[in-house]
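In what follows, a single structure is set out as structure tokens and then discussed.
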Amino acid sequence: MHHTIEVLNLRFTYPDGRIALHKIDFVIAPGEKAALVGPNGAGKSTLILHLNGILMGEGEVKVCGLSLAKENLGQARASVGLVFQDPDDQLFSMSVFDDVAFGPMYMGLSMDEVRLRVEKALEAVGMEGFEGRVSHHLSGGEKKRIAIATVLAMEPEILVLDEPTAGLDPRSRRRLINLLKELPMTMLVSTHDIPMVAELFPRMITIDEGRIVGDGPTKEYLQDQAFLVGHGLETAVPW
Amino acid sequence: MYVSFLALHIPDGFLSTEIAIVGWILVVPILAYALRQTKRHLGERQVPFLGVIAAFIFAAQAINFPVAAGTSGHLLGGALAAILLGPWAATVIMVAVIVIQALLFQDGGLVVMGWNIINMGVITSFTGYAAYIFIKRLMGNRSGSHLSGAFFGAWLSVVVASLATAIQLAFSGTVPLRLALPAMASVHILIGVGEAIITVGAVSLLLVLRPELLTSGEMAPGKKGAYFTVGGILLVLFVAALSPFASMNPDGLEAVAAQGGFLQLGENPVYEIFPDYVFPLIQNEAVATFLAVGVGAMIVFVISILIGRRAARPQGVPK
Amino acid sequence: MHFNLADQYHHRESIVHGLNPRVKVLGVVLYIFAVGLLPEGEWLGFLLYFLFLIISYQLSGLEFFFVLRRSLIALPFLLAAFAIPFTTPGDEWMKLPIIGWTITETGAIRFASIVIRAWLAVQAAVVLISTTRIPDLFWSLSALGMPSILVSTINFMYRYLFVLADEVLRMLRARSARSPRLPHKPKPPVLWEGRVAGSMVGSLFIRSIERSERVYSAMLSRGFDGRVLVKRKFKMKQTDWIIMVAVIAFVFMSQGLIHLR
């Protein structure tokens, strides 16, 4: 039995010399749902981009037992579904169908199978019948769900989302949280949405200035006021 | 928000069919080569990168600034794209921009698109780029050389493109060369200043925020033959302007001049941009225009150098 | 604020809308090409080609005034042709009052011919764009020999054109919001305004570069390897063949009649 995500001693330095990730170690078990929190600029997005080899730092990243190296990038990318923060980056095609079909096409599936995958993925996010629509004309919440469908269509083992609730209105946020709740796969979600973390994720990994400063049960960390203030995570709930 | 460049997007119907076909014959190999060069340089990134930057050029053309009396300065963008990405990538980008403008906005024709691509894509990219690296080499690594190069390159790119457009119109028999050439040149000598100011503004911001982007533009393919290409373009334009074809169509100039009327305007100092006494020995309008553009280029060149030096002093632009 | 091109494509159920887009693109290019071959002063020919357009309006359910309005975009370029009536040698046709310029007959004919050709061509392009969905339109360009790498670049450009145009609209709005004009106070110098516009262009470029990097990452993470896979294929139906043959026949017969007469 292998771990789903294994990150060992990962370091990453930007081309200009700034160190983005210092020494990152963590393991995510199959089926686990973890949140990745930390202030802006802490290194969350950089870390996420390592999980399917878009960025390659020093150290080791293993996905489903496969070490991320040039020769098995394709395999790794099929098992890790990465959902970017701005859906406009993810929806680059002319129609919703083209976008959702993109991953399956590059996986070399037959056209019939691609169509089936697109249908299933759109159904999973509650956007059936949107195949012919133009992404630009969708609302923020709709774009977000289509963006998730684009990776669901690849049937990945792990779903990695970068700030999925950012910029959504309360209703779209609620629908998205319910959607994430239903999805069965292993999940790592970077977010600033602490109430969502409390609701969805039993485990919380906190990073600050490129280091993991906390990793454990969400409940415990959320009660540690000093910890939350220290890493800029406290959310006032004065009402 | 859609803005059009009045005088550079040639519509269908303004060029003769033969001339239009010649444009396509020239464009096909140039474009094929440009795609090969960008593919080699950018690899898999080619399509998303060039596509998004083409959208950038299109959107940036909507950014204007008021000049005077209701007119405004705009960007055409070929020179800027070439400075930042190299001339071949800039050519591909401008092709995408021109195709979209013609297909979606009917700005510029379909059958004459070959020439629109050459004028606004190839000529602006290469002229802007060659002038830019020329000044940079001349001034060495002095800070401010980027700005001087950008100013001169942007200005020259628009002016040379306008000369080419005028010559194509004349060869097609649409407008006589002795009118088209000075008229297009004089308008674009001014439009070019707007182009230059915006381009310098953009480059100076990038110099502060992302200087490595400017370096990567200089590393892009296309540097080698750039001077040669631009020299060739200028030579062809000059020879074409002097060739009998340019004035044969439409008809003998003497007959026109004898008629008086409109053409007497040409002798009216208000309309004559380069009065006879500037070049008293030059009777040929084409030669006079080229000379005037040359003189204008020297003036703009000096201004460009001054701009670079002045900008380098107070703010201390980081290298 | 949203940059919108919605009024370009007019959705109807019509023969022209249903045509294979490659047939439309080829037909329109052929038509414009043929218009360019009509001799000066060939009024009957111009009328014939105009009638052809009227038929295509009928077949596509477009209103004449809609196309007319859209076709006026080429008007500014007429300035370039402005001198023709005065500079073309020939017999005097009329003298403009007051300023006393002479318009020659050949000049007037040449001017009118150029204007009509340009106008007919633009109308044909408007019919094309109003009856064809944009992605179909782009992919049909490969039928004219455009490399698919360029077609997909254009697709990308079109997709992000909206995103970036929206950003420009927001930037322009933010600029106007901070550009008060007080009475009796001078405007800021032109050079300064130009630098501001330039800075806007520069920061838009940075955002675009960053955008292109993120888009590329998003493509890579879904397995992109540089090949163009998502293409559109079009099937030729019976109507497509009929219309194509009709357009070709029209062009050849009309040109033959006019040039061999």
Side-chain angles (χ1 to χ4, degrees), chain B residues 1 4 6-7 11-14 17 20 35 43-45 47-56 58-60 62-67 73 75 96 99-100 103-107 109-111 169 174-176 179 197-202 205-206 209-210 213 250-251 255-256 259 261-263, chain C residues 3 5 8 29 32-33 36-37 73-74 76-77 80-81 83-84 86-89 101-102 114 117-118 121-122 125-126 129 137 147 149-150 152-154 156-158 160-161 164-165 168-169 190-191 193-195 197-206 208-209 211-212 215-216 219 225-226:
Chain B
M1 69 169 268
S4 165
L6 191 81
D12 280 319
F14 278 71
T17 307
L35 284 171
E44 309 164 354
R45 286 173 65 208
V47 167
F49 182 69
L50 296 181
V52 174
I53 303 303
F56 153 75
F58 181 92
I63 297 174
N64 60 352
F65 68 99
V67 176
L75 187 74
V99 169
I100 292 259
L103 271 180
L104 268 48
F105 300 93
Q106 288 77 52
D107 194 15
L110 298 176
V111 168
L169 288 169
T174 306
V175 192
L179 273 175
I197 291 174
I198 297 193
T199 306
V200 165
L205 185 88
L206 292 173
L209 296 181
R210 298 282 298 271
L213 290 177
D251 326 298
V256 182
Q259 276 179 359
F262 180 78
L263 276 190
Chain C
F3 178 63
L5 290 172
Q8 305 259 350
V29 169
I32 297 176
F33 197 76
L37 289 174
I73 187 157
F77 208 87
I84 297 169
F86 309 107
T87 58
T88 315
W101 300 350
T102 313
I114 287 174
R117 282 197 205 114
V122 170
V126 171
I129 177 74
L137 182 64
I149 210 121
L150 188 58
S152 40
T153 305
I154 290 172
F156 262 92
M157 174 187 172
Y158 182 71
Y160 286 100
L161 187 147
L164 297 183
V168 167
L169 287 178
V190 170
L191 265 180
E193 298 239 38
R195 265 235 331 255
S199 306
M200 289 165 73
V201 171
S203 57
L204 186 69
F205 179 72
I206 294 176
S208 310
I209 286 272
R211 167 88 60 193
S212 83
V215 171
Y216 177 56
M219 294 171 74
D225 56 12

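Naming convention: chains lettered A, B, ... in sequence-line order (proteins, then strands); numbering from 1 in each chain.
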Name the region of [X], side chain, backbone, both or neither, that has any atom closer than 4.5 Å to a heavy atom of chain C.
X: Leu205(B); answer: side chain
X: Val200(B); answer: neither
X: Leu50(B); answer: both

Query raised in the report: Is any side-chain heavy atom of Leu103(B) closer than 4.5 Å to a side-chain heavy atom of Ile129(C)?
Result: no
Report task. Could you tell me whether the side chain of Leu104(B) reaches within less than 4.5 Å of the side chain of Val99(B), counting heavy atoms only? Result ->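 Answer no - side chains too far apart.
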Query raised in the report: Between CZ of Phe156(C) and OG of Ser212(C), what distance do you get to the nearest 0.5 Å?
Result: 10.0 Å
Query - Intermediate values then yes/no, side-chain contact (heavy atoms from CB on, under 4.5 Å), Leu209(B) and Ile206(C) - result: CA-CA 9 Å; Leu209(B) 296 181; Ile206(C) 294 176; 3.8 Å; yes
Between [options], which residue shows the highest count of heavy-atom pairs closer than 4.5 Å to chain B?
options: Val29(C), Leu204(C), Leu191(C); result: Leu204(C)
options: Gly202(C), Ser152(C), Ser203(C); result: Gly202(C)
options: Leu137(C), Val215(C), Ile114(C), Leu150(C); result: Ile114(C)
options: Met219(C), Arg117(C), Glu193(C); result: Glu193(C)
options: Thr153(C), Ile154(C), Asp225(C); result: Thr153(C)

**Report entry** Most chain C-contacting option - heavy-atom pairs closer than 4.5 Å, from Ile198(B), Leu35(B), Leu213(B), Thr199(B)
**Finding:** Ile198(B)
Requested in this report: Please assess Ile209(C) against Ile53(B) for the test side-chain contact (heavy atoms from CB on, under 4.5 Å), listing each intermediate value before the final yes or no.
Outcome: CA-CA 7 Å; Ile209(C) 286 272; Ile53(B) 303 303; 4.0 Å; yes
Query - Pair Arg195(C)-Phe65(B), side-chain contact (heavy atoms from CB on, under 4.5 Å): steps then yes or no - result: CA-CA 9 Å; Arg195(C) 265 235 331 255; Phe65(B) 68 99; over 6 Å; no
Report task. Go through the steps for Val168(C) and Leu164(C) under the test side-chain contact (heavy atoms from CB on, under 4.5 Å), then give the verdict. Result -> CA-CA 6 Å; Val168(C) 167; Leu164(C) 297 183; 5.7 Å; no
Query raised in the report: Given a strict heavy-atom distance threshold of 4.5 Å, which part of Met200(C) is in contact with chain B: side chain, backbone, both, or neither?
Result: both
